[in-house]
Amino acid sequence: MSAGWFRRRFLPGGPLPEPRPAGPRSSPVPYHRPRFLRGSGSSPGATDASRRPDARPVRSPARGRTLPWNAGYAEVINAEKSEFNEDQAACGKLCIRRCEFGIEEHQEWLTVCPEEFLTGHYWALFDGHGGPAAAILAANTLHSCLRRQLEAVVEGMIAPQPPMHLSGRCVCPSDPQFVEEKGIQAEDLVIGALENAFQECDDVIGRELEASGQVGGCTALVAVFLQGKLYVANAGDSRAILVRRHEIRQLSSEFTPETERQRIQQLAFTYPELLAGEFTRLEFPRRLKGDDLGQKVLFRDHHMRGWSYKRVEKSDLKYPLIHGQGRQARLLGTLAVSRGLGDHQLRVLDTDIQLKPFLLSIPQVTVLDVHQLAVQEEDVVVMATDGLWDVLSNEQVALLVRSFLTGNQKDDPHRFSELAKMLIHNTQGKDNGATGEGQVSYDDVSVFVIPLHSQAQEGSGH
């Protein structure tokens, strides 16, 4: 997907597309930066910036434009791989309406109070790959999917214990006991709503990309505050951490070639045609050579967390799906979703590219009970795409956060955006003592800094 194609199709005021024969339509969603960046002087592309990472402009919301809880945000286009920022961001207030069963039998749902009944807040980061289309669609879609899913279960969320029947009927006198034995709580309904919202959004994006003849996908990192709890849902290699005065807590688990190894190998085992006869699903400590034929070497398959030995056959000399370790692990033959964002249909992409997971159908969700934290004024959650974490560790980010907030003007509502900008500046090769060698991130970087102390002023929202 070329930059020229995006200019013709997506950029406002660009030239009209050339006539084309009937076929897949172009995406109706234009390329843009997050709406809350309007007035910050940002531009669609990065052509105004030097190729040096430290010269690329870091952008954040204009002063006077506040985000929920006065959260901070900043972003930078660092990569030379694309003219366009493949990261996207969204945030806002979730207004959830209360619904009840209708009186008439044919009336499944009836909205009985159109005003908001339960309110929450939402922050999300999406890191696209194969172009920004999927990330743009996710930023415009996921929050609406989540609101609908929450409205479908809100009656259960506010009950002392989620009822077996949402209508209030008690078909079996032991229903409350069965629910209690399963350990089902209100937070489980929120987790289920997040999982269903990811699935719904996945379907929407898949249809849009298929209709427009495009491919690609994105990661998703979402934080939702409801009823005193912060829910962090992640699918991909972005990360969220909680930074307190004497504590660092990782709130998300990353999907990397190493963490997803068994799932990917299982797919290759179940659908060997996806490997196109060019790759082996087996993992070896290194790529095998002809001299290894007939030798017994270390290996592991999809059902193995440990290692064993096998005698090398000719088929083992093919490209391995997975090579390396940790965040540096790579998929040498990447299994990628062709219809958008889920495990529906897959194909093998080009070799030697790093894994950029799609918005997967099942996110990993962490629940943080904010009301149990005894929140201090400088407690924050840092959410960022992998461009930040490839350069800075959790400990380095925490050190920078604490150093910045200590003595900083506490009455400045924009200080958390300044903090987000400072974190990004520390990925651009400037040695300030925290990053040691002044490492450089050549990826797009987007950062939210969410101050938890603000939630105490806003209440639980119902």
Side-chain angles (χ1 to χ4, degrees), residues 1 81 86 127-131 134 202 206 209-210 214-219 234-238 253-364 386 389-390 443:
M1 191 179 301
K81 63 182 181 182
E86 293 185 340
D127 183 357
H129 76 108
D202 184 76
L209 294 180
E210 186 175 354
Q214 300 176 44
V215 297
C218 69
T219 69
N234 182 58
D237 54 1
S238 297
S253 299
E254 292 141 56
F255 291 24
T256 67
E258 190 169 73
T259 62
E260 291 290 278
R261 174 189 66 83
Q262 287 184 282
R263 184 182 70 87
I264 294 168
Q265 288 177 310
Q266 174 72 40
L267 285 170
F269 171 77
T270 306
Y271 305 102
E273 65 274 12
L274 297 175
L275 301 181
E278 298 180 17
F279 303 94
T280 174
R281 72 172 188 274
L282 302 181
E283 181 186 6
F284 303 95
R286 60 166 169 79
R287 187 183 174 189
L288 301 183
K289 303 176 181 179
D291 292 342
D292 292 312
L293 276 172
Q295 303 296 317
K296 283 190 173 182
V297 300
L298 283 166
F299 89 105
R300 60 180 173 180
D301 204 343
H302 66 92
H303 61 280
M304 302 168 62
R305 294 189 64 185
W307 293 78
S308 186
Y309 288 90
K310 77 178 298 288
R311 194 175 300 278
V312 178
E313 303 172 6
K314 190 173 182 179
S315 60
D316 298 324
L317 301 182
K318 297 176 181 178
Y319 284 104
L321 281 176
I322 299 163
H323 176 73
Q325 187 175 356
R327 292 189 66 85
Q328 300 304 315
R330 291 176 178 268
L331 289 183
L332 295 186
T334 303
L335 288 176
V337 181
S338 63
R339 76 171 289 272
L341 310 174
D343 293 334
H344 305 288
Q345 299 172 350
L346 302 117
R347 66 189 181 89
V348 177
L349 288 182
D350 296 336
T351 61
D352 199 26
I353 62 175
Q354 259 189 318
L355 174 69
K356 300 289 288 185
F358 296 84
L359 173 56
L360 303 174
S361 301
I362 304 178
Q364 295 180 345
D386 63 324
W389 305 112
D390 286 341
D443 199 359

Going by distance alone, is a donor N or O of one side chain under 3.5 Å from an acceptor N or O of the other, for Gln266 and His302? yes

Taking side-chain hydrogen bond (donor to acceptor under 3.5 Å, both in side chains) as the test, write out the residues that go with Gln295, two or more places apart. none

Does a side-chain heavy-atom distance below 4.5 Å link Asn234 with Pro363? no

Please table the atom pairs, donor to acceptor, closer than 3.5 Å between any side-chain atom in residues 308-317 and protein atoms at least two apart or in another chain.
| unit_1 | atom_1 | unit_2 | atom_2 | d |
| --- | --- | --- | --- | --- |
| Lys310 | NZ | Asp316 | OD2 | 2.6 |
| Arg311 | NH1 | Gly294 | O | 2.9 |
| Asp316 | OD2 | Glu313 | N | 2.8 |

Could you check Arg300 against Phe284 for side-chain contact (heavy atoms from CB on, under 4.5 Å), going step by step and ending with a plain yes or no? CA-CA 7 Å; Arg300 60 180 173 180; Phe284 303 95; over 6 Å; no

Measure across Glu86 and Gly131 and return the closest heavy-atom pair with its distance rounded to 0.1 Å. OE2-N, 3.3 Å

Kindly give the heavy-atom pair with the smallest separation between Cys218 and Gly128, and that separation in Å. CB-CA, 3.7 Å

With no hydrogens and no angle check, is any side-chain donor or acceptor of Asp386 less than 3.5 Å from a backbone partner on Ser238? no

For Pro320 and Leu282 the tightest heavy-atom approach is CB-O, 4.1 Å

Donor-acceptor pair, Thr280 side chain versus Tyr319 backbone, under 3.5 Å? no

Check the pair Glu283, Trp307 against side-chain contact (heavy atoms from CB on, under 4.5 Å), reporting the backbone distance first and the verdict last. CA-CA 9 Å; Glu283 181 186 6; Trp307 293 78; 3.9 Å; yes

Does Arg287 pair with Asp292 as a salt bridge, N-O distance under 4.0 Å? no

